[in-house]
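What follows is one structure encoded as structure tokens, with my remarks underneath.
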Number of protein chains: 4
Amino acid sequence: MLEKLKAAVCQANLDLVAEGLVIQTWGNASGIDRERGLVAIKPSGVPYDGMKTEHMVIVSLADGEIVEGNLKPSSDTPTHLELYRAFPKIGGVAHTHSLYATAWAQAKRKIPSYGTTQADYWFGDVPCTRAMTPREIKTDYEKNTGAVIIEAFKKLNPMEHPAVLVASHGPFTWGKTPSDAVHNASVLEFVARLASETLRINPKTLPMQPVLLDKHFLRKHGANAYYGQK
Amino acid sequence: MLEKLKAAVCQANLDLVAEGLVIQTWGNASGIDRERGLVAIKPSGVPYDGMKTEHMVIVSLADGEIVEGNLKPSSDTPTHLELYRAFPKIGGVAHTHSLYATAWAQAKRKIPSYGTTQADYWFGDVPCTRAMTPREIKTDYEKNTGAVIIEAFKKLNPMEHPAVLVASHGPFTWGKTPSDAVHNASVLEFVARLASETLRINPKTLPMQPVLLDKHFLRKHGANAYYGQK
Amino acid sequence: MLEKLKAAVCQANLDLVAEGLVIQTWGNASGIDRERGLVAIKPSGVPYDGMKTEHMVIVSLADGEIVEGNLKPSSDTPTHLELYRAFPKIGGVAHTHSLYATAWAQAKRKIPSYGTTQADYWFGDVPCTRAMTPREIKTDYEKNTGAVIIEAFKKLNPMEHPAVLVASHGPFTWGKTPSDAVHNASVLEFVARLASETLRINPKTLPMQPVLLDKHFLRKHGANAYYGQK
Amino acid sequence: MLEKLKAAVCQANLDLVAEGLVIQTWGNASGIDRERGLVAIKPSGVPYDGMKTEHMVIVSLADGEIVEGNLKPSSDTPTHLELYRAFPKIGGVAHTHSLYATAWAQAKRKIPSYGTTQADYWFGDVPCTRAMTPREIKTDYEKNTGAVIIEAFKKLNPMEHPAVLVASHGPFTWGKTPSDAVHNASVLEFVARLASETLRINPKTLPMQPVLLDKHFLRKHGANAYYGQK
């Protein structure tokens with residue numbers, strides 16, 4: 001079932017490796033069929049080499065139960081499901097331990113908007129979650145990882161900030177499709193590296209002017225966007 | 001029309017990608033036919049993969065109107081036109097978000113001349129523009145981006161400083177031809193990275209001696225240049 | 001003799017190069033046959049290009065004497081032997097001068113556990129040895145290098161911390177097999193780089209919460225591990 | 001004439017590019033025939049792509065006059081000649097603007113010996129020249145560049161420190177042959193990068209213990225060397 005979705009999710013997982021965002025087995029991507037309430041996701045701890053569409057696991061959005069597949073789904077599945085439940089417009093989620101974004105997550109810092117490269121994709125900062133409590137870590141850890149992400153988006157539109165840094169862990173990104181989520185993971189990694197390189201030149205660099213941030217985000221994403229072809 | 005120029009501009013855009021200076025669609029190159037007052041430039045937001053000569057757009061230097069082409073020209077076209085108007089000797093312009101040059105632009109710092117690598121190409125610093133005013137950003141943003149660049153060159157010869165950093169944005173470079181502009185974008189990226197690595201060893205590094213700067217720039221570019229073959 | 005072990009050791013040495021962990025001849029990997037008390041190791045100072053199984057040298061675990069092979073074994077052989085003697089569960093050892101791990105060794109600093117990437121492999125820090133005394137350096141230097149490593153593991157389980165930084169020198173890693181030792185060398189290099197990038201964003205970054213460290217290490221390695229397939 | 005030497009010099013120049021030490025035309029390598037007092041060197045400002053043995057220029061060690069070749073020799077030729085005159089045991093010289101070594105040169109800092117990687121090749125620091133005087137720059141600049149290098153080696157054996165950083169410029173390396181000089185340029189670049197990464201972890205890192213430096217240099221290069229095969 002859901003062959004097209006599974007193929008897209010498989011391709012998204014392979015693209016994470018091809019783009020240098022995932023080494024070893026440290027990452028996963030998923031996609032959702034909103035009508036049926038089903039999510040396709042990578043199996044847990046399986047090497048990317050030789051990964052095929054039929055290895056993808058289908059789980060239920062409602063309760064996380066396996067609906068199809070012989071392998072265990074990614075151990076991060078409960079986090080993906082929380083995101084799909086809270087952010088109704090997203091169609092794909094990706095998680096990596098990519099170098100520069102993970103460094104920001106380990107430093108427990110949001111990435112400020114230092115320039116137009118970031119402003120073309122994020123309507124401001126890339127947020128970072130708060131530290132989880134011992135209770136949240138010991139019980140339902142992966143589900144609670146989703147919960148602290150959602151908490152960080154109380155006042156933010158996830159479609160205007162398509163990424164988050166989970167403190168002491170690494171980034172999650174999302175988009176309209178699994179491939180969109182991978183694209184945002186790739187842009188996030190570049191933006192994170194760019195922010196690091198900026199701080200090294202001047203550790204006291206201030207964020208860009210809000211008016212310039214608005215200009216760049218809205219010329220690409222707003223109602224009056226004029227970037228790209230119609 | 002202008003098939004040769006369009007081919008050169010298309011190649012320059014592809015070279016930006018091949019040299020690792022442009023990822024995604026974040027960059028553009030153009031070239032000018034001074035006699036006819038026409039500029040060939042990359043279309044806006046179009047993937048580099050599969051980009052061909054016939055996709056290039058021809059616009060008028062005088063008013064920016066499209067003279068040939070079915071696609072919208074790069075959203076940065078008004079910036080390119082301002083540069084062609086103000087710097088009469090340049091024949092090509094390139095814009096990238098290359099990592100190290102963009103980091104200096106985000107740090108809002110000019111790149112000091114720390115050594116002979118830079119002095120072989122720039123007769124001193126790589127300048128950085130001032131912050132734009134809200135008014136300049138809200139109306140005619142791309143044209144005003146050109147204006148602040150030109151303002152930064154009041155006392156500089158653009159042929160002796162073939163690049164600029166636009167604050168909170170990224171670099172623009174130029175040269176006698178589109179391929180020359182790409183070459184300078186590539187050298188700028190190396191020089192920016194070299195300056196970053198220098199500062200990390202000694203954050204208080206002083207610029208090189210002016211007499212050594214003169215020696216290197218002039219042995220390559222001056223009337224008595226003796227570098228290279230005749 | 002021990003053709004299978006020699007082949008595995010040869011492959012492990014070639015993999016160190018393929019993974020970018022070893023340049024020039026700066027590295028070596030070995031493997032042990034515990035039943036026979038024999039160790040297969042790379043010959044000393046031989047180029048990787050053209051290295052074959054038959055070049056591997058077999059030495060005795062008991063006294064380090066050459067049992068088979070026409071070439072001199074790696075000058076680091078006595079260090080490998082000390083590790084096999086002290087850590088009875090390891091089956092392979094690797095030594096590299098990989099960039100980021102060696103930088104931490106040169107800075108004479110243990111790598112703190114800043115996030116879950118490290119916690120998935122190390123149950124805490126990557127330890128660093130103390131400086132060796134002049135006497136330890138002048139006599140039996142390579143054997144004493146093993147001794148200071150073992151000293152650093154007085155209170156640590158080597159299977160839960162499969163790597164060490166030798167101060168002013170570089171990393172040694174180990175595992176159940178030679179290929180496992182190489183895998184850990186590769187993970188160590190990523191983890192070392194990640195820690196460096198973290199410190200550059202915030203030089204005062206604190207290690208992760210112990211409860212999160214426990215959670216990640218034990219969900220992958222503990223009795224109740226649930227990461228990966230069964 | 002000197003076909004074998006010219007071929008070796010051509011190959012050395014191409015290897016500088018292949019090893020990522022030279023971009024654009026920013027580098028050169030040479031070799032000497034001590035018996036005839038002749039030096040073969042790269043032509044000035046010629047692209048590496050398509051460079052062949054017959055393009056190499058032969059100049060006289062005594063006076064720098066061109067003995068064979070249709071192209072102008074590298075503008076750095078007088079520096080090479082000074083080194084051959086002062087260091088009678090060297091057979092090849094290489095000059096690059098490789099990123100990390102050049103950053104140290106621009107920071108005007110010698111590279112301290114932070115670990116055994118450097119100690120395997122340098123019997124201590126990689127020295128850095130003093131700033132040149134305006135007079136030295138204005139007249140016979142390239143020859144005087146050689147003179148300040150030689151001045152930095154008053155108390156050093158060039159065979160035990162096969163590289164130098166020319167302040168505000170970049171590295172020169174040498175060895176018994178042109179290919180040896182390239183090898184040392186490659187090792188220098190790694191060692192420079194390693195030192196930079198070390199300082200970033202701990203800016204106050206002290207050099208390694210002299211006794212450990214002696215041990216590593218001498219186990220590889222001394223009369224009682226035991227590294228490698230006999």
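In the text below, chain A, chain B and the rest are named by the order of the sequence lines, each starting its count at 1. Values below: all heavy atoms of this structure, side chains included; hydrogens, waters and symmetry mates excluded.
Remark: Arg109(D) CZ to Ile201(B) CD1 distance equals 8.5 Å, nearest 0.5 Å. The CG atom of Leu194(B) lies 9.5 Å from the NE2 atom of His97(D); values are rounded to the nearest 0.5 Å. Note that OH of Tyr100(D) is 11.0 Å distant from OG1 of Thr198(B), once rounded to the nearest 0.5 Å.
For the set Pro43(D), Ser74(D), Ala131(D), Ser75(D), the count of heavy-atom pairs under 4.5 angstrom toward chain B peaks at Ser75(D).
Interface residue Ser196(D): only side-chain heavy atoms are found under 4.5 Å from chain B. In this structure, chain B has no heavy atom under 4.5 Å from any part of Pro203(D). Both the backbone and the side chain of Thr25(D) come within less than 4.5 Å of a heavy atom of chain B.
Within residues 205-220 of chain B, the residues that have a heavy atom under 4.5 Å from a heavy atom of chain D are Thr205(B), Leu206(B), Pro207(B), Met208(B), Gln209(B), Val211(B), Leu212(B), Lys215(B), His216(B), Arg219(B), Lys220(B), listed by number.
In Arg130(D), the CZ atom is crowded: over 12 heavy atoms of neighbouring residues, nucleotides or ligands sit closer than 6.0 Å. Atom CG of Asp63(D) has more than 12 neighbouring heavy atoms from other residues, nucleotides or ligands inside a 6.0 Å radius.
The ring pair (Phe, Tyr, Trp, His ring centres under 6.0 Å) pairs that include a residue from residues 178-213 of chain B are Tyr121(B)-His183(B), Phe190(B)-Trp26(D), where partners are two or more places apart or lie in different chains.
Remark: Lys108(B) pairs with no residue by the side-chain hydrogen bond (donor to acceptor under 3.5 Å, both in side chains) rule, at least two apart or across chains.
Under a 4.0 Å N-O distance rule, the pair Arg200(D)/Glu197(B) qualifies as a salt bridge.
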For residues 160-170 of chain B, tabulate all N or O donor-acceptor pairs below 3.5 Å that involve a side-chain atom, not counting sequence neighbours.
{"residue": "His161(B)", "atom": "ND1", "partner": "Asp125(B)", "partner atom": "O", "Å": "2.9"}
{"residue": "His161(B)", "atom": "NE2", "partner": "Phe123(B)", "partner atom": "O", "Å": "3.2"}
{"residue": "His169(B)", "atom": "NE2", "partner": "His95(B)", "partner atom": "NE2", "Å": "3.3"}

